[in-house]
Visitor: 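Let me give you the structure first, and then I'll get to my questions.
These numbers come from the heavy atoms of this one structure, side chains and all, not from hydrogens, waters or symmetry mates. Letters A, B, ... are given to chains in the order of the sequence lines, protein chains preceding strands, and every chain is numbered from 1.
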2 protein chains.
Amino acid sequence: MVLQRLFHDGPTSRADLARATGLTRVTVSDLVTALLAEGLVAELGPSQTGRVGKPATLVGLRTREHQVLAVDLTDDLALHGAVLDLEGEIVARRSAPSAGRTGDAAVDAVADLCRELVDAATRPVLGVGVASPGVVDEQGVVLQAPNRGWVDLPLAALLNAQLDLPVHVANDADAACLGELTYGGADGAGVLVLTVGQGVGAGIVVDGALVRGTGHAAGEIGHVTALDERDETDDAPLGRPQRCACGRTGCLETVLAVPALRRRVAEGDADALAAVGRRLGIVLAPVVSALNLAEVVLSGPPELLDGPLRLAARATLRSRTMPVISDALQLRMTALGEDGALRGAAVLVLSGQLGVT
Amino acid sequence: MVLQRLFHDGPTSRADLARATGLTRVTVSDLVTALLAEGLVAELGPSQTGRVGKPATLVGLRTREHQVLAVDLTDDLALHGAVLDLEGEIVARRSAPSAGRTGDAAVDAVADLCRELVDAATRPVLGVGVASPGVVDEQGVVLQAPNRGWVDLPLAALLNAQLDLPVHVANDADAACLGELTYGGADGAGVLVLTVGQGVGAGIVVDGALVRGTGHAAGEIGHVTALDERDETDDAPLGRPQRCACGRTGCLETVLAVPALRRRVAEGDADALAAVGRRLGIVLAPVVSALNLAEVVLSGPPELLDGPLRLAARATLRSRTMPVISDALQLRMTALGEDGALRGAAVLVLSGQLGVT
DNA sequence: AGAGATTGTAAGGATAGTTCACTAACAAAT
DNA sequence: ATTTGTTAGTGAACTATCCTTACAATCTCT
C-alpha cells in the first residue's frame, strides 16, 4: 500500500502516507524504514509547505534507480524489447527477428533478447514482463498462441529458469490495458482497451481488476459477428461479409483489423472507415452497458483509427446506449502510442514485484 | 474461510478444513472452538469412514438454527418478504401492499414488513437483505430508484437504525445473480443473470466478484438498442421498433420485457418469441465474448422465456461467437424460480455477516 | 501385540498491526 | 522573548492472527 501511494502520488510524507493508507503513523514509519533499507525509497528532505507544526520529511520512490525489462511478442516478424525505469520511461530498446522460429526455438529467442536487455540495463533490474498474444493464465502459462505454436507452455517458469529474474507473462491486450491504467491515466472502475493490429483483441479492467474469464479467454472480441448477410444492402460501403481466418463469416476482425482497413483506404473508399466505426459501436454498446465502463481506449494505427472510425463508433455508442451509460463513457485513442503492450509488460513487473498497480 | 468451506461442503472434520483452507490444524481448531462458542457450528460426532488413524469428528454449520430476513422490492405493487434459514429454505412469507407509497413512506413500509418478518422468525436472525430495483452502491445507499422515488437514500442505514439488525441492500438483478451463484450452482468464473419482468436487468459476476461499474450502474442492459429501423424488413415478426419509456427507440426492453412478450403471445404471434430470442442473442454475443462467460441465466416467466426464445437466443449466441467462447457457455433458466432476488437478498446477509459466498 | 497413520490439542513463538505516551519542530498570538 | 497549539516522527507495550513443535488418543494393518 505504501509503495502504491508513493508510485501514484509521488513524494509524500510519512504522516500523509498514514492518512492515505489508513495505517497509523507508527506502522508507516516502520514500513518506510524497511523500504529505505532495501533501497527502494529515499528521503528527499523537508517539504516546503509553510503550515503550522513540524515540517514533514518527504519520502519518494527511487523510480530512476531501478529498471524493468519488457518484451512484446505481438509482432509476428520480430520480438520487441525494452528497458524501462519505474516511471515507464523507455531507457533502451532491442529487437530480434523471429520469423519462422516457433515452439522451443521461439522461447530461446525471447530468452536471448532478455539477456541483451539485461546487458543494456544501467540499474538493478526488478524483473521481466512479457506481453504475448494468445491465451495466458495467471501463472504465466501460455495455454494457446497459434502464431508461435505454443500450447500449455509455462513461459514464465522457463524464462525464470534461464534468466534468474522474476518473470511475468500476460496476454498482449491485457498488458496494453494495464499499461493504459498505470501510465495512460485510465479509470480503474471500468476500461476496455481495444488493440487493433493483425487481429483485434481487448483487455478489460472492471472494478480495478483485470477480467480473465472462465477459460482465461476474456477479451476475445475479434471474432464476434459484426456483419450479417442482411447488412450488405444496408451498410453498403462494407460490402458482403468476408470469410474470417477462424472459419466463420462477418467477424469484427474481418472489417476492423489493420490489413482490412488499409485495403479499404487504398481502394479510396472514403466512407468505409466510418462504416467500420458504426459496426464497432454496435458491437461495443452491449459491453459498455453491461459493465458501465468509464472508458473505451483504441490502440493501433492512429491514421486509421483516430478519425471517422472513432467518431462514428462514438456516435453509434451514444445513440445505442442509455444516457446514464453513455454520459459516463469516453472513447479515445491510447495515450501510449505503439508502446502500450510494452509499457503494460513493465506494469506486470511493478504489480508482481512491488504490488503497484 | 472456515465458514465458507462448511457452508459449501457441509459437515467436515477439522483436519479436512485445514487441508481445504491451507491453514494448520491448530489454527482451524482454535477457529472452530470460537465458532462453537458463538453457536454458529456444532460437533456432529465421529465420521464413519474406516480409514487408519484417529477417527475425525465432524463439524457442521448450524444452518437450521439461524435465520435471515429477505425483502424483494422488484414488484411495484407489493413488497415481498421472507424468512429463510441458511440453507436458503423459505420458512415463512409475508407481503404488504405498497402501491403509491414512495419516498420515506416506502421506507417505513419496508421497515414494517421487516418487523413482521422478525416476529415470524423462529430462530436467531443474522440480518436483513434487501433487493431493490435501481442503482445501489456498496454501502447500501439507493442512488436512484424511480419507481419508489428514492434518490441518494441510505436505505441500509435507515433500516438498521429502525430494526437494530445488520442490513444489506443491493440491486435486484445483482441479488438474483448472487442467489444463482450460491443456491443455483452457477459458475463464479463468469455468470450473467438476466432478469426479465416489467423491465430487463442483469447482474454479472466475473472472476468471483460482482461487477459494479463506474456509476454502480453495471447490468443496465435493458436499454441497449436491439432493434433498428432497418430491421423492420428483416425480422418481420417484431414489426417496427417501439418507443421506450427511456425516450429512445428499439431498446431491448421494448421487445423482451414481460408486457411486450405477453402482448405478442396474446396476438398469437408464433414466431415472435424466437425473433426476440435472436435479438437477445445478438445483444449478448459481444458481452459473452468480452467476458468469456460460463453461463447466462434467464430469470422470469418460464412460459415466455423457456422455449423458442431461449433456444433461438442460444443458437444465435453460438453462431455469432467463436467456438472457444460458445463451447464454454451455457444458456439456461434459473434454478430458483421466482424467488431468485429473494434468495439473493438472503445471500447478501450470509456474505456480509459470515463472509460466505 | 506392535507399527504406522491420523486426529485433535497444548504450549510457545513470529508477524503485523494497534494504542499510548513521548520528543521535536514549527506558526501565530501575546 | 514567551507561550500556545498543531503536526511529525518514534519507542514501548499490547493484541490478533497466524505459525511450529510436541504429544496423547485412537484407528488399521501386519
Visitor: For A:L23 and B:R19, find the nucleotide of DNA chain C closest to each by heavy atoms; which residue's nucleotide sits nearer the 5' end?
Guide: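 Counting from the 5' end, the first nearest nucleotide belongs to B:R19.
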
Visitor: Is the shortest side-chain N/O distance from A:T57 to OP1 or OP2 of D:dA8 below 4.0 Å?
Guide: no

Visitor: Charged N to carboxylate O below 4.0 Å: is that the case for A:E43 and A:R14?
Guide: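 Salt bridge flag = yes for A:R14 with A:E43.
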
Visitor: Which atoms form the tightest heavy-atom contact between B:R212 and A:D207, and what is the distance?
Guide: N-OD2, 2.9 Å

Visitor: Between B:T357 and B:Q4, is there a side-chain donor-acceptor contact under 3.5 Å, judged purely by atom types and distance?
Guide: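 No, B:T357 and B:Q4 have no side-chain donor paired with an acceptor closer than 3.5 Å.
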
Visitor: Quick one: which of C:dG17, D:dC18, C:dG8 gets closest to the side chain of A:T27?
Guide: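 From the listed options, C:dG17 comes nearest.
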
Visitor: In whole Å, I'd like the distance from the CG atom of A:D16 to the P atom of D:dA8.
Guide: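 In whole Å, D:dA8 P lies 6 Å from A:D16 CG.
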
Visitor: Do you see a donor-acceptor pair shorter than 3.5 Å between the side chains of B:T63 and B:E87?
Guide: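 Present: a donor and an acceptor within the cut-off.
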
Visitor: I want to confirm an ordering. Mapping A:P55 and A:T24 to their closest nucleotides on DNA chain C, which one lands closer to the 5' end?
Guide: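 Nearest-nucleotide comparison on DNA chain C picks A:T24.
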
Visitor: Hey, is the side chain of A:R25 pairing donor to acceptor with the base of D:dG9 inside 3.5 Å?
Guide: yes

Visitor: Rounding to a whole Å, what distance do you find between B:E43:CD and C:dG8:P?
Guide: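 Value for this atom pair: 8 Å.
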
Visitor: Provide the closest heavy-atom pair for B:S47 versus B:L58 in the form atom of the first, atom of the second, distance.
Guide: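 Reported closest heavy-atom pair: CB-CG, 3.9 Å.
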
Visitor: Measure CG/A:L17 against C1'/D:dT7 and give the value in whole Å, please.
Guide: 15 Å

Visitor: From CZ of A:R14 over to P of C:dA24, roughly how many Å is that when rounded to an integer?
Guide: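 Interatomic distance, CZ of A:R14 to P of C:dA24: 17 Å.
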
Visitor: In whole angstroms, how far is the P atom of D:dC23 from the NZ atom of B:K54?
Guide: 16 Å

Visitor: Give one of base, sugar-phosphate or nothing for B:V26, where a contact means two heavy atoms less than 4.0 Å apart.
Guide: base

Visitor: Name the closest nucleotide to the B:V52 side chain, picking from C:dG8, C:dA5, D:dA8.
Guide: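 Of the options given, the side chain of B:V52 lies nearest C:dA5.
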
Visitor: What is the distance, to the nearest angstrom, from the CG atom on A:D30 to the C1' atom on C:dA16?
Guide: 9 Å

Visitor: Within the pair B:S29 and C:dG8, is there a side-chain N or O less than 4.0 Å away from OP1 or OP2?
Guide: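 Looking at the OP1 and OP2 atoms of C:dG8, neither is under 4.0 Å from any side-chain N or O of B:S29.
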
